[in-house]
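To start, the structure under review is shown below, and the notes come after it.
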2 protein chains.
Amino acid sequence: MATLKDLGEYLDLSVTQVSRALNGHSDVNEKTRLRVQQAAKKLNYSPNIAARNLVSGRSGVMGLVSRVPVGEASDNYLDVIVGLSAQFAKRNKQFIIHIIDKNEDEIEAYRKLVNSGAIDGFVIVEAIINDPRIAFLQEKSFPFVVHGRTPNENNFPYFDIDNYGVAYSLTEHLIKLGHKHIALINGLEGSCYSAARLKGYQAALAAGRLPFYPHLIRSGGMYESLGIVSTVQLLTHTEIKPTAIIAGNILIARGVYKALDALKLDIPQHISVVAHDDVLPRFRASAFYPALTVTRSALESSWGPLAEYLCGTIEGVPLKKLQQVAPFEFMTRASTAAVNNIKI
Amino acid sequence: MATLKDLGEYLDLSVTQVSRALNGHSDVNEKTRLRVQQAAKKLNYSPNIAARNLVSGRSGVMGLVSRVPVGEASDNYLDVIVGLSAQFAKRNKQFIIHIIDKNEDEIEAYRKLVNSGAIDGFVIVEAIINDPRIAFLQEKSFPFVVHGRTPNENNFPYFDIDNYGVAYSLTEHLIKLGHKHIALINGLEGSCYSAARLKGYQAALAAGRLPFYPHLIRSGGMYESLGIVSTVQLLTHTEIKPTAIIAGNILIARGVYKALDALKLDIPQHISVVAHDDVLPRFRASAFYPALTVTRSALESSWGPLAEYLCGTIEGVPLKKLQQVAPFEFMTRASTAAVNNIKI
DNA sequence: TACAAAATCCAAAACGTTTCGGATTTTGTA
DNA sequence: TACAAAATCCGAAACGTTTTGGATTTTGTA
């Protein structure tokens, strides 16, 4: 493996100049730079990462800490890993996942990794309210980026979608169709995005001068099973039955469809259904009949910004450039209709 | 972050001795070693990995190269990643996955990674006959370990299960029950394990003095869909209909069960079914009715040896200690019966 | 006690890169 | 041409570790 020294000897240049030429510094003659670049290619030079890391004091490794994903939770976990991995690779960073045991303390795992110096920064997914991971890393002033954001001040890099807007739009859409009992099958209680969606939902209700029924809110892991269970529960409630259901994602929506089918209720004649579509490759909204009305925002498009922002943080890019709330589209399709008064 | 130099000054020792004390060299007084270790803990010392890598000439990173997993293929891919990641973490190695694009050349990706010096060794999964990855890495004499092994000479580290034996046992079991038309729904053609299983199947047929019907062999990605399609095809063949089916794994078996149900054929009254069970956490053999007769060998138990063997290769452990063919269990359950003569 | 052997220690070099501070050369201007 | 400014270059230090080759101290034996 050729080194800078080899190149220097070959070109009769100092190691310094070779290094600076390759790294695009300004104080090197363009002709020289060209010669160096050609020589580098010819001698198949590739910088020694360990040496570079040693002087930079960084490791070039980005990490994601998570527990072993089990059951339904693992369904889209792979997409996260693959997506982030590809994006970091593009930026010449390594990306590792650190799996922690069931009964291992999460913060302790972060502490170890931070102390080891093996990792330059973390990606935090599934942020929760008052997230201890964020608190810990902020206290250590260690670089990280968050997928999502908190209801509090967010003085850290993040990429998020407009969850408030998503819920507001879906609710508003249903209200305009005359629905007064609108159920929300939300994500895990305590998660930031669920909180944001609940707020959006409540705001739309308030704007439509509709009362808020806590009973119409369901929460849990965003999987098919939650959709099934919640739908059945909502529709067996004796007093307030929803005439419309907002599903937190496509998996939940699938559960809702299955349950409604089992309950012999038609969409949208008996019940309207809407959802948010993360455009998960393996769970397509197009598979729904009747076609599902959704807000749409591809989860896949978050990996690029997340990687970018984390690298940016480490390189000292100002915070304002490392925060983004991505928009969403509204796709009106066939799963919603004006409310009717069929007793169900 | 404390360095060796800090420790040396604190203890009034040379950097050399501190290093040797911590690394367990013999020429350091036990009392000194103790002092050093205590000081290291007290000053929260943790070795700088970049510096260590620089002098060792290694990166401490193990890699897995793969294409973006799509569709059914992604189902157990996560288990591979998580399993290997955890095992390497246990050995203080980093583990990264390198995702390559649809139209990117695989060997070229390996070449780049090898040249970059960013990676110490590779894990190769899904080995195929005359695998170009193995050929490339062997030619470069670059460390790697293979999940599986080839039909040729295997002068490299590997961990495999006894695929020949699996197929032989399953086939023999069915032959003993009087079956003469035994179908094999195998993995991808060209893959090493499929080839081994085919050989085991044929050997058992030969031992039972039964003819080999190529029509009874099906191949493909080992997913439910293959099981469904193959079963229907096998049973709509006009001449030779199998009275028993060997499914390559649990997913295929699930497809077989579904297809047989759809075809209104009973297990084992009309058809016997056996399978190999990799003990995938999300696809349990216990979910089958009637209970499925299987050979069993947990895929999960391969990640440890694979990580161990790859680390061993790099450290120069002799090859004999880096090769293993794991055994399997035979579990006779309710999905097999003596052949009968019901015309189907 | 004397001397060899064993035990314990250390200074310096090496890994390959980046960067600091300054040196040298070229260019521009009067 | 003379001199300042700009452009281009370089030596040396630094990052933190391991290892080499030898120095020093302690122990064992006669």
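Treat the numbers as computed from the prediction; the structure is a model and nothing was measured. The basis for the numbers below is simple: all heavy atoms, side chains too, and nothing from hydrogens, waters or symmetry mates.
Following rounding to the nearest Å, B/Asn23 (CG) and D/dT19 (C1') show an atom-to-atom distance of 11 Å. Whole-Å rounding puts the B/Leu4 CG to C/dA11 P distance at 14 Å.
The salt bridge (Lys or Arg N to Asp or Glu O under 4.0 Å) test applied to B/Glu153 returns no partner, not counting sequence neighbours. Scored by the side chain to side chain contact (heavy atoms under 4.5 Å, CB included) test, A/Lys321 finds A/Val317, A/Pro318 as partners (sequence neighbours excluded). Partners of B/Asp162 under the side chain to side chain contact (heavy atoms under 4.5 Å, CB included) rule, at least two apart in sequence or in another chain, are B/Tyr164, B/Val325, B/Phe328.
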Under a cut-off of 3.5 Å for both distances of each Watson-Crick or G-U pair, what dot-bracket string does DNA chain D give, using [ ] for crossing pairs and | for inter-strand pairs? ||||||||||||||||||||||||||||||
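In this structure, A/Gln323 places its CD atom where more than 12 heavy-atom neighbours from other residues, nucleotides or ligands lie under 6.0 Å away. Within a 6.0 Å radius of CG in A/Asp27, other residues, nucleotides and ligands contribute more than 12 heavy atoms.
Pairing each heavy atom of B/Asn53 with each of A/Ala50, the nearest pair is CB-CB, 3.6 Å. Heavy-atom minimum distance, A/Val15 versus A/Lys5: CG2-CA, 3.9 Å.
Salt-bridge check for A/Arg67 with A/Glu104: failed, with every basic side-chain N at 4.0 Å or more from each acidic carboxylate O.
In the region residues 44-56 of chain A, proximity to DNA chain D at under 4.0 angstrom, judged on heavy atoms, holds for A/Leu54, A/Val55.
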Filtered N/O pairs between nucleotides 7-10 of chain D and protein, under 3.5 Å:
{"from": "D/dC9", "atom 1": "OP1", "to": "A/Thr32", "atom 2": "OG1", "distance (Å)": "3.0"}
{"from": "D/dC9", "atom 1": "OP2", "to": "A/Asn29", "atom 2": "N", "distance (Å)": "2.9"}
{"from": "D/dC9", "atom 1": "OP2", "to": "A/Thr32", "atom 2": "OG1", "distance (Å)": "3.2"}
{"from": "D/dC9", "atom 1": "N4", "to": "A/Asp27", "atom 2": "OD2", "distance (Å)": "2.7"}
{"from": "D/dC10", "atom 1": "OP2", "to": "A/Ser14", "atom 2": "N", "distance (Å)": "3.1"}
{"from": "D/dC10", "atom 1": "OP2", "to": "A/Ser14", "atom 2": "OG", "distance (Å)": "3.3"}

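Once rounded to the nearest 0.5 Å, the distance linking CH2 of B/Trp303 with CG of B/Asp79 reads 7.5 Å. Summarising the geometry, atom CD belonging to A/Gln324 is positioned 10.0 Å from atom OG belonging to A/Ser302; distances are rounded to the nearest 0.5 Å.
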